[in-house]
Amino acid sequence: MKFGVYANPNKDKDGKLYELVVQSIESNGAIAEKFADGKRYDFVVTIGGDGTILHVARQCALIGAPILGINKGTVGFLTEIEISETDKAIKNILENDYILERRALIDVGIRDKHYYALNDAVVTRTGGSLTAMEVRINNELVDKFRCDGYIAATPTGSTAYSLSAGGSVISPSTPVIALTPINPHTLRTRPVVVGSSENITLKCVGKAPAELYVDGQGVCALSNGDEVKVTGWFNSALFVRFNSKSFYSRLLDKLNSWSAEG
């Protein structure tokens, strides 16, 4: 069995955590190597936070490799264990003592290029003026307004930026896409939840510049007439879980953590 190991360089600056995980895997009779796009693994281990997982999620979905997230960030939904639990977790995987959780991704198209998001696609203004947006679903006009930006989120992403912007929390097993405006300059515009198979178009219709972000990474600048196409993707990311702790229990832990930080 082969494991790919990816350590966030900002969380593991001296590489010691990476070496610890590799040693744990190899001492249990499996193969470990540094994660690289284009290679096939039976499992992928990440060291960092949820953002680290976002970095490898698309490739893992393409090859069907489940992700084991080791937490070295803030409290997150996607990481599963602490670094001290690594050896036990590897043993459990090799003994088939785990469950898999499936998380959907979305397809984000712009100018004949496609990107894949585990959390969200965000159109956001880059200057001092509000950006003018036109939102269509299956080519039917839903709304047109000025705003700071617009979010198309997966159920996983519903607890990230979308939640901060006033969007709904959505169970990860629900096949939908959450559409959340960011500070719209109108009282009528509200978040909308649509089926994951529907075709969403986010069009810039004003002169104010904007930018497209996919899972927090800047993709390209947007100008008047540019259209961002969003729909569901046929591949999903798989996550290794070791207990029956529900999404709602994790949500409560996260919300309590935020309250304590405040």
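Fair warning: this is a prediction, and the values are worked out from it, not measured in the lab.
- A perpendicular orientation is assigned to the rings of Phe43 and Tyr98, their planes being inclined by more than 60° (bins at 30° and 60°).
- Note on Lys2 versus Asp42: no salt bridge recorded, every NZ/NE/NH1/NH2 to OD/OE distance being 4.0 Å or above.
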Is there a side-chain contact (heavy atoms from CB on, under 4.5 Å) between Leu78 and Arg103? Walk through the geometry before answering. CA-CA 10 Å; Leu78 300 178; Arg103 296 292 185 104; 3.7 Å; yes
Contacts table for residues 29-36: side-chain donor-acceptor under 3.5 angstrom, sequence neighbours left out:
from  : atom 1 : to    : atom 2 : distance (Å)
Glu33 : OE2    : Lys39 : NZ     : 3.4
Glu33 : OE2    : Tyr41 : OH     : 3.4

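- In this structure, CG on Leu212 lies 5.5 Å from CG on Leu222, to the nearest 0.5 angstrom.
- Within the 4.5 Å cutoff, the side chain of Lys113 has no heavy atoms near those of the Val219 side chain.
- Without hydrogens or angle criteria, Asn8 side chain to Asn10 main chain gives a donor-acceptor distance under 3.5 Å.
- A salt bridge links Arg188 with Asp143: at least one charged nitrogen is closer than 4.0 Å to a carboxylate oxygen.
- Note on Lys91 versus Asp87: salt bridge recorded, some NZ/NE/NH1/NH2 to OD/OE distance being below 4.0 Å.
- One finds the CD1 atom of Ile106 at 13.0 Å from the NE2 atom of His114 (value rounded to the nearest 0.5 Å).
- Summarising the geometry of Thr231 relative to Ser196, their closest heavy-atom pair is OG1-O, 3.5 Å, with the distance given to 0.1 Å.
- Of the possible polar contacts, one joining the Thr154 side chain to the Leu118 backbone as a donor-acceptor pair under 3.5 Å is found.
- Residues Ile110 and Cys220 share a closest heavy-atom pair of CG1-SG, 3.9 Å.
- In this structure, Ala210 and Thr131 approach most closely via the heavy-atom pair CB-OG1, 3.9 Å.
- Looking at Asp107, its side chain never comes within 3.5 Å of a backbone N or O of Gly232 through a donor-acceptor pair.
- By the 4.5 Å heavy-atom criterion applied to side chains, Leu17 and Val21 are not counted as neighbours.
- Thr180 and Ser162 get closest at one heavy-atom pair: OG1-OG, 2.8 Å.
- Scanning for salt bridge (charged side-chain N to carboxylate O under 4.0 Å, His left out) contacts around Arg111 gives Asp226, with sequence neighbours left out.
- With rounding to the nearest 0.5 angstrom, the OG1 atom of Thr46 is 7.0 Å from the CG atom of Leu68.
- Using a 4.5 Å cut-off on side-chain heavy atoms (C-beta onward), Leu163 and Val169 make contact.
- Here the CD1-NZ distance, from Ile70 to Lys11, works out to 14.5 Å after rounding to the nearest 0.5 Å.
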